[in-house]
Number of protein chains: 2
Amino acid sequence: MGGRAVRDHDAVRATARPTLRDIAEEAGVSISTASRVLARARTGPPRSAAAERVVAIAERLHYQPDLSAASLRTRRTRMLGVLVPRLTDIVLSTIYEGLDSAAESLGYQTVVANTLDSSEEQRRRAEMLLTRRVDGLILGDARIDDAYLDELAARRVPFALVSRSHPPYDSVTCDDLAGGRLVGDHLADLGHRRIGIIAGEPHATTGRDRAQGCLEALRRRGVDVPSSWVVHSTFDAEGGYDAAHRLMQDSTAATAIFAVNDMTAIGAIGALRDLGHRPGTDIAVVGFNDISIAGQLPVPLTSVRSPLTQMGAEAARLLVDRLQLSRPEARERAPVQLRLAPQLFVRASSDPSSTEGWTPGLRAGTASRA
Amino acid sequence: MGGRAVRDHDAVRATARPTLRDIAEEAGVSISTASRVLARARTGPPRSAAAERVVAIAERLHYQPDLSAASLRTRRTRMLGVLVPRLTDIVLSTIYEGLDSAAESLGYQTVVANTLDSSEEQRRRAEMLLTRRVDGLILGDARIDDAYLDELAARRVPFALVSRSHPPYDSVTCDDLAGGRLVGDHLADLGHRRIGIIAGEPHATTGRDRAQGCLEALRRRGVDVPSSWVVHSTFDAEGGYDAAHRLMQDSTAATAIFAVNDMTAIGAIGALRDLGHRPGTDIAVVGFNDISIAGQLPVPLTSVRSPLTQMGAEAARLLVDRLQLSRPEARERAPVQLRLAPQLFVRASSDPSSTEGWTPGLRAGTASRA
DNA sequence: TGACGGCAGGCAATCGTTTCCGTATTTTCC
DNA sequence: GGAAAATACGGAAACGATTGCCTGCCGTCA
């Protein structure tokens, strides 16, 4: 039996997927020619009769290159690994949606994994993705003092951060400081002077920066927030519920609460109501991210909209850019921390005079490099 | 230069990932032996001195097999493709979370894609996943009369459905008919006789079955629902808002509304409020799925809990089971439609007398094969 | 002591693609 | 028309694993 005959080629393979060999044979060219022609077919029209035949046959047979084989050879998978704390968090799933669709239009597929915001899971899942030989990683769960990032950089794994930042690494975030300032100014404008802040997880730059921006704006307006009025919590409704309880057990109750996350704000509202307050009337509540239900709540929630979809998309672009750059082993591009502009939407939860749930934005959202 | 020397093996590769060859060389065995030893290492202890050396070296070098190479050879990728309408829908992301974590413990990784509940996207993304040579698909977006499923079956692509069913194909769903009946009985118990239903997308079995179960239970109790009181909508808050408006423009207003999805119910509540009703007081509202914020809303939402995480996990198991079965090209397993038991949680949106938001379940949730 | 079964281990083919390196052919330009 | 440059094409070697087949060693048992 010759090498060829061993493959049950012509008989059984009728149903199997066509390979380059099938196309080459039918077109009467070599496999290498078929490969080259198809590689070029994406950029320009076929440039010879043989090339035309190859393209036509590939078309007819619905040829799809075997990506395992290709990436075995090229060491590239055209897959991006994505880590997020949790996809059930609407904020992260929205970011991921933007990320995935941008990646797709750049010719990459994504694989996503939940890390539950735990360092161990972060490392474990990242290593699983790297075993799959993803071309790069996008981390949505970077922590302040995240040693794993340094390790990745040392191993020269291309990666970018999204949602949270960690200079000097590439990242795309909302301009959280600016967003926090919008809230501080807004609350000060309304005359509040006793303000509590639910600042989220201490290891996340999102919460830290939003809280800090708010404090900064307030201080500039002469409003001081005692440090015991800044409490931490998880980024979900339960966390907000607990945090609001802790915050309000102080007898000198706040007249306003800024929660750095909408779900947290929703939980806080629940707690306030349980405590006999009327959110939006007795006490102002402001959230962050402006998730879609924020404006649909019974008491529509004032919130800072962060461009989540766009953040994901920019992160994908940033990473792909770096990936392509690293191809000619040439100079590195300087790291980029992209901060997208936030926008405040005032609604009844902070300002009962706002007539409707859905207020058009006050400031145009433009991106700025930093 | 001999073949070996051409690889920049010992010098430059110090940093690169170790391959079987590296291990074999260092252990003084052939590559095939190294491969076999490592394959067996997962099940039992090494059975010879050489085997011990191989395992130790692999351990020390943190050897990870190259999955591209392995799957090129074995035609298996240990990846499952997952299609969902949208991950930003908490229902789907919860299902996916259960699915992914079960898949992981079964030794599979998942790749997920949004299809926006569109047939074209469904097909396009599924084909992309199949190009990646995923071992099987899990579809969370099956439609009634979904021709693509028949095509997949004809092409012998292993797949399973989740959330929505489509006999005779493998599926894992909530027992939506039973869930609907719980709601019908509940509303009838409360004395409602004018009931509107927001039944979701007409192409989804979830909405259809939940609505039908409710109608069935009501009919048994002598309550008739005119067909114009059953309206369709998308599965998000906007859809519920619109649908409730349509429903209530009928002058003979309903005293209760069953929305087959919690987000839809939330939107409906918003609309009712805009129309001057007081949901929970004037008009009962019941949702479905019992997403986490349902119980945290200002007027806590009565809802039927469907075991979303478990659904995803069972779907993964079902597919992996089929995958392993199809290995010895032997007999096929009979198709399975697994329906998981739902559970009603009564809260203030339908029954103001329910004292707290969080009512423990009335019936134990057990799985039943069908 | 010799036949035999079991098992460890080596050789080599193979999966499907990309890409280096020649040679053959065409085009370009004087 | 001919030399030079550009291009097309084929052969063959990888990429890193899995696996069928074969050899040789070991122990067992009659």
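Small disclaimer: the values here were computed from a predicted structure and weren't measured. Convention: sequence-line order gives letters A, B, ...; per-chain numbering from 1.
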Inset, instruction - Just call it for B:Ala50: base, sugar-phosphate, or nothing, with non-hydrogen atoms closer than 4.0 Å on any strand. - result: sugar-phosphate
Inset, instruction - Only counting residues at least two apart or in another chain, list the ones meeting side-chain hydrogen bond (donor to acceptor under 3.5 Å, both in side chains) with A:Glu97. - result: B:Arg86, B:Thr88
Legend entry - Partner set under salt bridge (charged side-chain N to carboxylate O under 4.0 Å, His left out) for A:Arg42, not counting sequence neighbours: none
Inset, instruction - Give me the residues of residues 56-70 of chain A where at least one heavy atom lies under 4.0 Å from an atom of DNA chain C, by number, or none. - result: A:Tyr63, A:Pro65, A:Asp66, A:Ala69, A:Ala70
Inset, instruction - Report the residues that fulfil side-chain hydrogen bond (donor to acceptor under 3.5 Å, both in side chains) with B:Thr94, sequence neighbours left out, ordered by chain and then residue number. - result: none
Inset, instruction - Between B:Leu72 and B:Ser32, just flag the one whose closest nucleotide in DNA chain D comes earlier from the 5' side. - result: B:Leu72
Inset, instruction - Counting heavy atoms from C-beta on, name the nucleotide in D:dT19, C:dT17, C:dT19 closest to the side chain of A:Thr19. - result: C:dT17
Legend entry - B:Leu38 CG to C:dG9 P, straight-line distance once rounded to whole Å: 13 Å
Legend entry - Under 3.5 Å: donor-acceptor pair, side chain of A:Asp141, backbone of A:Val84: no
Legend entry - Heavy atoms of other groups near A:Arg156 CZ, more than 12 under 6.0 Å: no
Inset, instruction - Can you measure from CZ (B:Arg124) to OG (B:Ser119) and round to the nearest 0.5 angstrom? - result: 13.5 Å
Legend entry - Side-chain donor or acceptor of B:Thr77 paired with backbone N/O of B:Arg133 under 3.5 Å: yes
Inset, instruction - Tell me, please, which residues at least two apart from A:Ser165 pass side-chain hydrogen bond (donor to acceptor under 3.5 Å, both in side chains). - result: none
Inset, instruction - Let me know the distance between CD of B:Glu25 and P of D:dA17, rounded to the nearest Å. - result: 13 Å
Inset, instruction - Take the protein atom CZ of B:Arg36 and the nucleotide atom P of D:dA17, then report the distance between them rounded to whole Å. - result: 15 Å
Inset, instruction - Find the distance A:Ile31:CD1 to C:dC21:C1' and express it as a whole number of Å. - result: 17 Å
Inset, instruction - To the nearest Å, give me how far apart CG (B:Leu20) and P (C:dG9) are. - result: 15 Å
Legend entry - Residue list, side-chain hydrogen bond (donor to acceptor under 3.5 Å, both in side chains) with B:Thr33, at least two apart or on another chain: B:Ser30
Inset, instruction - Take atom CZ of B:Arg73 and atom P of C:dT17, then tell me their distance rounded to the nearest Å. - result: 16 Å
Legend entry - Residues which pass ring-ring contact (aromatic ring centres under 6.0 Å, His included) with A:Tyr169, listed by chain and number, not counting sequence neighbours: A:Phe159, A:His166
Legend entry - Counterpart residues, salt bridge (charged side-chain N to carboxylate O under 4.0 Å, His left out), relative to A:Glu52 (two or more places apart): none
Inset, instruction - Would you tell me if any nitrogen or oxygen in the side chain of B:Thr33 comes within less than 4.0 Å of OP1 or OP2 on C:dG10? - result: yes
Name the pairs: protein N/O against N/O of nucleotides 4-7 of chain C, kept only if under 3.5 Å.
none

Inset, instruction - Would you please name every residue forming a salt bridge (charged side-chain N to carboxylate O under 4.0 Å, His left out) with A:Arg164, sequence neighbours left out? - result: A:Asp117
Inset, instruction - Determine whether more than 12 heavy atoms belonging to other residues, nucleotides or ligands lie under 6.0 Å from atom CD of A:Glu59. - result: no
Inset, instruction - Under 4.0 Å from any atom of DNA chain C, heavy atoms only: list the residues of residues 126-136 of chain B that qualify, in numerical order. - result: none
Inset, instruction - Mind running salt bridge (charged side-chain N to carboxylate O under 4.0 Å, His left out) on B:Asp146 and B:Arg123 for me, showing each step along the way? - result: CA-CA 11 Å; B:Asp146 195 328; B:Arg123 167 181 295 270; over 6 Å; no
Inset, instruction - Check the distance between D:dG16's C1' and B:Ile23's CD1 and give it to me in whole angstrom. - result: 12 Å
Legend entry - Base D:dG16 to side chain A:Arg75, donor-acceptor N/O within 3.5 Å cut-off: no
Inset, instruction - For B:Arg76 and D:dA17, give me the distance from atom CZ to atom P, rounded to whole Å. - result: 16 Å
Inset, instruction - Mind grabbing the angle between the end helix axes of the helix from C:dT1-D:dA30 to C:dC30-D:dG1? Five pairs an end, 10° rounding. - result: 30°
